[in-house]
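Owing to the predicted nature of the structure, the values given are computational and were not obtained by experimental measurement. Just so it is clear: chains get the letters A, B, ... in the order the sequence lines come, proteins before strands, and each one is counted from 1.
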Number of protein chains: 2
Amino acid sequence: MSEESHTSRPNPSAIPGAVVSRLSLYLRELQHLIATGKETTSSSQLGRRLGFTDAQVRKDLAHFGHFGHPGIGYKCVELIGEIRKILGTDREWQVALVGVGNLGRALLGYRGFVQQGFRIVMAFDTDSAKVGTEIEGVEVSHLSQLGEVLKAKKIELGMVAVPAAMAQSVTDEFVAAGIKGIVNFAPVTLQVPEGVSMVGVDLARELEQVTFTVANKLANLNDQ
Amino acid sequence: MSEESHTSRPNPSAIPGAVVSRLSLYLRELQHLIATGKETTSSSQLGRRLGFTDAQVRKDLAHFGHFGHPGIGYKCVELIGEIRKILGTDREWQVALVGVGNLGRALLGYRGFVQQGFRIVMAFDTDSAKVGTEIEGVEVSHLSQLGEVLKAKKIELGMVAVPAAMAQSVTDEFVAAGIKGIVNFAPVTLQVPEGVSMVGVDLARELEQVTFTVANKLANLNDQ
DNA sequence: CACTGTGAAATCGTTCACAGCT
DNA sequence: AGCTGTGAACGATTTCACAGTG
């Protein structure tokens, strides 16, 4: 168990995942505040709209430095910059997409990625009807080209938008090609070696979180 | 890990959100095991592939009942049934979609929803070029019809796939129409009254969780 | 005997409350 | 006065370890 000094970079493995997850939310909220003309905000204002306490907002940010101004609060532009530095999005990331089906095409056209500094620069599929075409300005290559292209273009992030049965083998190819992080949209748990970051997005799972709450709310009403 | 609506004041058996979230993962894994011919499994087998301890799997399930068989483990089919009952997906849920852009169209065609018991039965948009057309077998209506249709068809769940600037007003219409739960794909924090469940899916945010890990892994290597 | 279910202990994350700065 | 940053208290979750069971 090692103590952290507040003068040097904190060890990221000591940062709870939940904190990082909230950082993104703070960032969106700050971007919203900027868009509505606010120049400064406070931990309580930030927290209120997101459903967190003011103390939590301050504690979260305190993991990474002293970004606030006592008596004033946080300067939006400044804090946006700091959070982007922490998240690593103070620069552009190039992303490779595998799977140009319904979902893959939607990801190619999603504006939110560009707004946050992500650019899908290459897409791959095994369907020869799709290979060679261009979608949303991005050329679709055959999956067999993946390793070669990834290395040539120095792409660090990958997105998996193929059917569940193919997801693990695509992931293995990403890993073999030296990818650093993967977002997986297939509803399976992927095995990746240590050193590769993986986040899964399972759309049906999100709905299940909602139905659980709804189903149990109804059950409660019956009880009363 | 995802943000959930925090509520359930008078609920004596308050289940942590993280438990519910893992339940969906157990369900996927069990479905995978069934597909590969396994009839029974154990807490340690389930946990290993998902990255949890065996104790956690057992504790999670113990919140809801005694589903295991000492000396044997869990019968896959049986446990799948129990988890679906808990999540409320032991029946079909009808879903309304607002926003038939790139992402909305992908959601309409996503097979994973039907596999888990979700059926998008109605879609809405304000674009008159889309209204009246049929996409993936679903008719697109004008957004102004939302309340009427929702009540007539007894739809309980809504999905928001419109630009960020419109998301709150669409949500307000869902709420006014008596929807029970919402999944929001716009990168904004929506305000919903108590009694309505809300889950947000922010695609760029998922990528940010990955870049944080990648960026800090690199930073550490430089330090050493 | 391999496995579950579960109190008790350990760990982790959140909130409180206040010192200190502007 | 208004707000941040933070040690200390608190609460929640995870892991341990083992009694109990088919």
Side-chain angles (χ1 to χ4, degrees), chain A residues 1-7 10-23 25-26 29-30 33 38-48 50-76 78-79 82-83 86, chain B residues 1-4 6-9 11-23 25-26 29-30 33 38-76 78-79 82-83 86 209:
Chain A
M1 241 142 294
S2 61
E3 280 288 272
E4 281 173 25
S5 115
H6 38 48
T7 54
N11 180 346
S13 61
I15 306 291
V19 172
V20 182
S21 169
R22 285 191 297 265
L23 247 33
L25 295 177
Y26 300 152
E29 198 56 39
L30 287 162
L33 286 168
K38 298 269 179 191
E39 298 204 341
T40 67
T41 184
S42 64
S43 56
S44 52
Q45 184 179 36
L46 262 180
R48 195 174 321 116
L50 295 167
F52 307 133
T53 64
D54 56 339
Q56 176 142 71
V57 174
R58 293 198 300 275
K59 256 285 193 317
D60 283 349
L61 295 172
H63 277 104
F64 305 98
H66 297 203
F67 308 137
H69 304 274
I72 306 292
Y74 300 90
K75 299 184 183 174
C76 295
E78 193 179 277
L79 188 52
E82 296 290 351
I83 295 180
I86 296 164
Chain B
M1 246 153 290
S2 61
E3 260 47 49
E4 278 125 41
H6 39 73
T7 38
S8 70
R9 286 161 301 142
N11 193 341
S13 56
I15 306 293
V19 173
V20 182
S21 171
R22 285 191 297 264
L23 246 34
L25 295 177
Y26 302 152
E29 197 56 41
L30 287 161
L33 286 168
K38 299 268 179 190
E39 298 205 343
T40 67
T41 184
S42 64
S43 56
S44 52
Q45 185 179 35
L46 263 179
R48 196 176 318 116
R49 268 184 61 95
L50 295 167
F52 307 132
T53 64
D54 55 341
Q56 176 144 69
V57 174
R58 293 197 300 277
K59 256 275 174 10
D60 282 349
L61 296 172
H63 277 104
F64 305 98
H66 297 205
F67 308 137
H69 304 273
I72 307 291
Y74 300 90
K75 298 183 182 174
C76 294
E78 195 178 277
L79 189 51
E82 295 291 351
I83 295 180
I86 296 164
Q209 306 308 298

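For a distance-only test at 3.5 Å, the side chain of B:Lys59 qualifies as a donor-acceptor partner of the base of D:dT15.
B:Tyr74 has no side-chain polar atom (N or O) that falls below the 4.0 Å cut-off from OP1 or OP2 of C:dA2. A close approach under 4.0 Å does not occur between any side-chain nitrogen or oxygen of B:Arg58 and OP1 or OP2 of D:dC18. OP1 or OP2 of D:dT15 sits under 4.0 Å from a side-chain N or O of B:Thr53.
In this structure, CZ on B:Arg58 lies 8.0 Å from OG1 on B:Thr53, to the nearest 0.5 angstrom. To the nearest 0.5 angstrom, B:Arg48 atom CZ is 6.5 Å from B:Ser42 atom OG. Separating the OG1 atom in B:Thr41 from the CZ atom in B:Arg49 is a distance of 10.5 Å, to the nearest 0.5 Å.
For A:Ala55, the listed nucleotide lying nearest its side chain is C:dC16; candidates were C:dC16, C:dC3, C:dT22. Closest to the side chain of A:His66, from the set C:dT6, D:dT14, D:dT6, is D:dT6.
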- Message: Pair B:Phe52, B:Leu25 - check side-chain contact (heavy atoms from CB on, under 4.5 Å), show working.
- Response: CA-CA 11 Å; B:Phe52 307 132; B:Leu25 295 177; 3.9 Å; yes

- Task: For side-chain contact (heavy atoms from CB on, under 4.5 Å), just list the numbers for A:Phe64 and A:Leu23, CA-CA rounded to whole Å, side-chain angles, deciding distance to a tenth of an Å, and then say yes or no.
- Result: CA-CA 11 Å; A:Phe64 305 98; A:Leu23 247 33; 3.6 Å; yes

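Straight-line distance from the NE2 atom of A:His63 to the P atom of C:dC12: 12 Å, rounded to whole Å. Following rounding to the nearest Å, A:Phe67 (CZ) and D:dC3 (C1') show an atom-to-atom distance of 17 Å. Regarding B:Gln56, its CD atom lies at a distance of 13 Å from the C1' atom of C:dT11, rounded to whole Å.
Base engagement by B:Gly71 is indicated by at least one non-hydrogen atom pair under 4.0 Å involving a base atom. Contact annotation for B:Gly68: backbone-only contact, meaning every heavy-atom pair under 4.0 Å involves sugar-phosphate atoms and none involves a base.
Listed by residue number, the members of residues 40-47 of chain B with any heavy atom below 4.0 angstrom from DNA chain C are B:Ser42, B:Ser43.
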